[in-house]
Structure formats: structure tokens, C-alpha cells
Amino acid sequence: IGDLPKNINKEEEICPEWSNVQLVDKNGNFYEKFIGAPIGAAKKPLNQKMLYDKFKSCLQFSETSKPVELIYEKLMNIEKIKNCREVFSI
């Protein structure tokens with residue numbers, strides 16, 4: 001973890017995952033933007049579609065052949081499950 005850039009107000013919405021993003025295009029133009037709370041951080045959570053898309057992309061690397069939609073629905077409603085085996089009994 002580094003120090004915050006000097007021009008950043010410490011009262012801004014800042015998460016531990018903050019970053020100072022710098023970009024140089026092929027014409028040599030320099031762009032810089034401070035990102036205090038990236039999308040997906042606790043202060044800026046993913047919306048439902050983004051969460052599902054991320055879950056789906058992560059699951060493609062698993063060895064499961066179970067339907068992504070069913071696993072996702074069970075996990076999103078895990079508080080209703082009485083026995084954890086139900087999650088895996090798809």
C-alpha cells in the first residue's frame with residue numbers, strides 16, 4: 001500500500017483497493033485518474049447482472065457440469081437452505 005496522491009481529499013470514498021491509474025496513448029498523451037473505490041469493492045458493489053456474469057466466467061474454470069443458473073440461484077438464496085448438501089445436489 002502506498003501513499004494517497006497529494007491532490008486526493010482523504011474524505012472521499014476510498015477503499016483499501018484504491019488505485020491511481022495512469023495511461024499513455026500511442027501519441028504520447030498522458031491520462032491519470034484516481035479510483036478510490038473500484039467497481040466490486042464493498043463501497044461500490046457489483047450490480048446483479050455483473051455479479052452473475054462474473055460468477056459465470058469464474059465457474060467456467062471449474063470442473064462442474066451442473067447448470068450455472070441453478071448453482072447461482074441456490075447460492076443467492078443460501079439463507080433459505082436448511083442443509084448445505086442442497087447446494088451440491090443439483
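Nothing fancy with the numbering, it's 1 onward along the sequence.
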Inset, instruction - Considering non-hydrogen atoms only, spot the tightest contact between S62 and L59 and give its length. - result: OG-O, 2.7 Å
Inset, instruction - Considering non-hydrogen atoms only, spot the tightest contact between K44 and A37 and give its length. - result: CD-O, 3.0 Å
Inset, instruction - Report yes or no: does N83 contribute a side-chain atom to a donor-acceptor pair with the main-chain N or O of E86 at less than 3.5 Å? - result: no
Inset, instruction - Give a yes or no answer on whether the side chain of N77 reaches the backbone of K80 with a donor-acceptor pair at less than 3.5 Å. - result: no
Nearest-0.5 Å distance that lies between atom [atom1] in [X] and atom [atom2] in [Y]:
X	Y	atom1	atom2	answer
M76	Y52	CE	OH	12.0 Å
L51	L75	CG	CG	10.0 Å
K54	L46	NZ	CG	6.0 Å

Inset, instruction - Decide yes or no on side chain to side chain contact (heavy atoms under 4.5 Å, CB included) for Q22 and K33, but give the supporting numbers first. - result: CA-CA 7 Å; Q22 300 174 343; K33 173 124 177 126; over 6 Å; no
Legend entry - I78 atom CD1: more than 12 heavy-atom contacts under 6.0 Å: yes
Legend entry - Whether over 12 other heavy atoms sit under 6.0 Å from E63 CD: no
Inset, instruction - Tell me whether L23 is reachable from F34 by hopping between hydrophobic residues (I, L, V, M, F, W, Y) whose side-chain heavy atoms are closer than 4.5 Å. - result: no
Legend entry - Linked, directly or transitively: V21 and V24 (ILVMFWY side chains, under 4.5 Å): no
Inset, instruction - For the residue pair I35 and W18, establish whether any side-chain heavy-atom pair is separated by less than 4.5 Å. - result: no
Inset, instruction - Mind telling me whether Y72 and F55 have parallel, tilted or perpendicular rings, with 30° and 60° as the class edges? - result: tilted
